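Working notes for the structure below.
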Amino acid sequence: MKTKQMSALGLLGAVLLQSSCASSSTVAPGPEGNWGSDGPGQPSLVLEAGGKLHGTDGCNRLLGSYEASGTDITFGPLGGTRMFCEGVDTWLSHAAGATLGADTLEIMDAQGQRIGTLERMP
């Protein structure tokens with residue numbers, strides 16, 4: 001009798017393990033993480049759990065907050081430094097929101113116009 005119980009428990013464990021692996025691979029990643037590039041003069045954002053963000057527009061440091069609803073992300077006002085950096089396009093400092101893709105953030109300005117794209121960093 002104990003052998004049958006052990007076999008049943010082993011089978012149940014294998015089924016549970018397989019189903020948990022299958023369900024975790026189908027869950028789409030959320031917005032949390034590192035976006036952009038860590039190269040000099042390149043824009044990047046870090047979206048933290050809990051709605052805080054920080055990063056750089058390639059020249060100035062940025063910080064603020066965000067709210068996510070599905071694939072739509074709304075940024076709160078972004079604060080940051082105001083240094084002059086010659087030859088750096090500081091488009092990210094004008095971000096008001098984003099659309100989350102599988103591995104991209106399509107960044108929008110306050111008028112809803114796409115102003116750039118950041119890729120998820122590994």
Side-chain angles (χ1 to χ4, degrees):
M1 187 71 168
K2 285 190 178 206
T3 304
K4 286 184 180 181
Q5 286 177 333
M6 299 270 293
S7 295
L9 286 174
L11 180 60
L12 177 60
V15 168
L16 289 174
L17 180 63
Q18 183 179 8
S19 66
S20 69
C21 290
S23 64
S24 66
S25 65
T26 59
V27 175
E32 294 87 7
N34 298 337
W35 298 90
S37 171
D38 57 1
Q42 298 298 311
S44 67
L45 282 178
V46 177
L47 302 181
E48 300 176 8
K52 299 232 183 262
L53 70 83
H54 61 91
T56 178
D57 63 8
C59 175
N60 294 288
R61 283 189 250 158
L62 303 171
L63 61 118
S65 62
Y66 74 94
E67 288 185 28
S69 177
T71 59
D72 295 328
I73 300 171
T74 304
F75 298 130
L78 298 178
T81 58
R82 296 203 170 242
M83 298 183 295
F84 174 76
C85 296
E86 192 171 326
V88 176
D89 184 358
T90 59
W91 62 269
L92 187 56
S93 63
H94 303 288
T99 301
L100 177 64
D103 290 318
T104 59
L105 277 180
E106 295 290 328
I107 308 296
M108 311 297 179
D109 65 12
Q111 290 74 41
Q113 299 296 312
R114 184 185 159 282
I115 57 174
T117 302
L118 297 175
E119 294 184 6
R120 189 182 295 269
M121 286 192 227

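Computed from a prediction, not measured in an experiment: that's the story for all the values here.
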Straight-line distance of [X] [atom1] to [Y] [atom2], nearest 0.5 Å:
{"X": "Ile107", "Y": "Leu45", "atom1": "CD1", "atom2": "CG", "value": "6.0 Å"}
{"X": "Trp35", "Y": "Leu92", "atom1": "CH2", "atom2": "CG", "value": "13.0 Å"}
{"X": "Met121", "Y": "Asp38", "atom1": "CE", "atom2": "CG", "value": "5.5 Å"}
{"X": "Glu32", "Y": "Lys52", "atom1": "CD", "atom2": "NZ", "value": "14.0 Å"}
{"X": "Thr117", "Y": "Asp103", "atom1": "OG1", "atom2": "CG", "value": "12.5 Å"}
{"X": "Met83", "Y": "Thr90", "atom1": "CE", "atom2": "OG1", "value": "11.0 Å"}

Trace of the side-chain contact (heavy atoms from CB on, under 4.5 Å) decision for His54 with Leu62
CA-CA 5 Å; His54 61 91; Leu62 303 171; over 6 Å; no

Side-chain donor or acceptor of Tyr66 paired with backbone N/O of Glu48 under 3.5 Å
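Yes, Tyr66 side chain to Glu48 backbone: donor-acceptor pair under 3.5 Å.
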
Could you check whether any side-chain N or O of Thr56 sits under 3.5 Å from a backbone N or O of Gly58, counting only pairs where one atom can act as donor and the other as acceptor?
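Such a contact is found between Thr56 side chain and Gly58 backbone.
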
Restricting to non-hydrogen atoms, name the atom on [X] and the atom on [Y] that form the minimum distance, rounded to 0.1 Å.
{"X": "Leu100", "Y": "Pro29", "result": "CD2-O, 3.9 Å"}
{"X": "Thr99", "Y": "Met108", "result": "OG1-CE, 3.8 Å"}
{"X": "Gly30", "Y": "Arg120", "result": "O-NH2, 2.8 Å"}
{"X": "Ser65", "Y": "Leu53", "result": "O-CD2, 3.6 Å"}
{"X": "Pro31", "Y": "Ala68", "result": "CG-CB, 3.9 Å"}
{"X": "Asp57", "Y": "Cys59", "result": "OD1-N, 2.8 Å"}

Could you go through residues 72-82 and list every donor-acceptor pair under 3.5 Å that involves a side-chain atom there, pairing it with any protein atom two or more places apart or in another chain?
residue, atom, partner, partner atom, Å
Thr81, OG1, Asn60, OD1, 3.0
Thr81, OG1, Arg61, N, 3.1

Trp91 reachable from Leu47 in the ILVMFWY side-chain graph, under 4.5 Å edges:
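As far as the 4.5 Å side-chain criterion goes, Trp91 and Leu47 are connected within one cluster.
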
Joint hydrophobic cluster, Leu105 plus Val46, side-chain heavy atoms closer than 4.5 Å:
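In one cluster with Leu105: Val46, no.
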
